S.K.: 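A single structure is presented below for examination.
Just so we're clear, the structure is a prediction, and the values are computed from it rather than from any experiment.
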Amino acid sequence: MIECLNHRQPGICAEAARTLASWGPSAEAAIHALVDALGHPAEEVRMASAYALGVLHSQPNIVVEHLAESLDDPCLLETAAWALAQFGDAAQPALPKILAN
């Protein structure tokens, strides 16, 4: 499924991210690929990746920083803020960025 995050068709990439979200803890190995997908050119892929990272709420030491950076993307603002909220206290480093938006 991780390989599908790099497919040439954005719809497949986005569906891969949503599928990984449904896998729960067994998708832990996909965290880095999902973080990378936050920079995908297609909005659908970025949104699905942010959603998946929020659902998985794993590896906050890596993910929170990248989700906070995603708050600068107007298309991701709501999804990234929601995803950060899923990390609870671990998302505190992103609070200044959230409040600025």
Side-chain angles (χ1 to χ4, degrees):
M1 193 58 55
I2 295 171
E3 291 175 19
C4 291
L5 288 171
N6 296 314
H7 197 276
R8 61 181 174 81
Q9 293 182 13
I12 292 175
C13 299
E15 191 56 37
R18 289 187 287 269
T19 299
L20 287 164
S22 73
W23 287 3
S26 61
E28 178 92 16
I31 296 296
H32 288 284
L34 288 165
V35 165
D36 289 344
L38 289 172
H40 195 280
E43 176 184 337
E44 176 185 17
V45 177
R46 295 192 311 271
M47 289 181 70
S49 298
Y51 167 77
L53 289 166
V55 169
L56 297 172
H57 57 273
S58 178
Q59 300 184 27
N61 56 323
I62 296 167
V63 176
V64 167
E65 174 186 351
H66 293 284
L67 285 172
E69 291 172 9
S70 295
L71 293 169
D72 292 332
D73 181 342
C75 300
L76 281 185
L77 180 59
E78 290 181 22
T79 307
W82 173 85
L84 283 164
Q86 306 315 300
F87 284 87
D89 289 341
Q92 255 184 345
L95 196 54
K97 188 83 167 184
I98 293 168
L99 295 175
N101 286 299

S.K.: Working to the nearest 0.5 angstrom, can you tell me the gap between L77 CG and M47 CE?
M.R.: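 L77 atom CG to M47 atom CE measures 10.5 Å (nearest 0.5 Å).
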S.K.: Once you round to the nearest 0.5 Å, how far does CD1 of I12 lie from CG of N6?
M.R.: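 That separation rounds to 12.0 Å.
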S.K.: Which residue pairs pass the side-chain hydrogen bond (donor to acceptor under 3.5 Å, both in side chains) test when at least one of the two sits in residues 14-31, sequence neighbours left out?
M.R.: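 Listed by first then second residue: E15-R18, E28-S58, E28-Q59.
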S.K.: Do you know the tightest heavy-atom contact between A90 and P60?
M.R.: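 It is CB-CB, 3.7 Å.
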S.K.: Please give the remaining members of the hydrophobic cluster of V45, linking ILVMFWY side chains under 4.5 Å, ordered by chain and number.
M.R.: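 Members besides V45: none; it forms no cluster.
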S.K.: Looking at side-chain heavy atoms only, is the closest gap between Q86 and L53 below 4.5 Å?
M.R.: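 They are not in side-chain contact.
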S.K.: So which atom in R8 and which in P10 form the shortest heavy-atom distance, rounded to 0.1 Å?
M.R.: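 Nearest heavy atoms, R8 then P10: O-CD, 3.4 Å.
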S.K.: Drop me the distance from D89's CG to L95's CG, to the nearest 0.5 angstrom.
M.R.: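 Atom-to-atom, D89:CG and L95:CG are 10.5 Å apart.
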S.K.: If you link ILVMFWY side chains whenever their heavy atoms are less than 4.5 Å apart, which other residues fall into the same cluster as Y51? By chain and number, please.
M.R.: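 Y51 shares its hydrophobic cluster with V55, W82.
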S.K.: Can you see which heavy atom on A80 is nearest to which on L67, and at what distance?
M.R.: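 Heavy atoms of A80 and L67 come nearest at CB-O, 3.8 Å.
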S.K.: Would you compute the distance between atom CD of E3 and atom SG of C13 and round it to the nearest 0.5 angstrom?
M.R.: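 Reported to 0.5 Å precision, the distance equals 12.0 Å.
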S.K.: Quick check: closest heavy atoms across A52 and A17, and the distance to 0.1 Å?
M.R.: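 Looking at all heavy atoms of both residues, the shortest contact is CB-O, 3.3 Å.
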S.K.: Could you tell me the separation between the CG atom of D36 and the CD1 atom of I31, rounded to the nearest 0.5 Å?
M.R.: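 Nearest 0.5 Å value for the CG-CD1 distance: 11.5 Å.
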S.K.: Per the side-chain hydrogen bond (donor to acceptor under 3.5 Å, both in side chains) rule, what does the pair list look like for residues 60-71, sequence neighbours excluded?
M.R.: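 Those involving residues 60-71 do not exist here.
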S.K.: Could you report the tightest heavy-atom contact between L20 and A27, atom names first, then the distance?
M.R.: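 Looks like O-CB, 3.3 Å.
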S.K.: Under the side-chain contact (heavy atoms from CB on, under 4.5 Å) test, which residues partner D73, sequence neighbours left out?
M.R.: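 Only R46, C75, L76 meet the side-chain contact (heavy atoms from CB on, under 4.5 Å) criterion with D73.
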S.K.: By side-chain contact (heavy atoms from CB on, under 4.5 Å), which residues pair with A16, not counting sequence neighbours?
M.R.: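 So A16 forms a side-chain contact (heavy atoms from CB on, under 4.5 Å) with M1, C4, L5.
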S.K.: Passes side chain to side chain contact (heavy atoms under 4.5 Å, CB included), L56 versus V63? Steps please.
M.R.: CA-CA 10 Å; L56 297 172; V63 176; over 6 Å; no
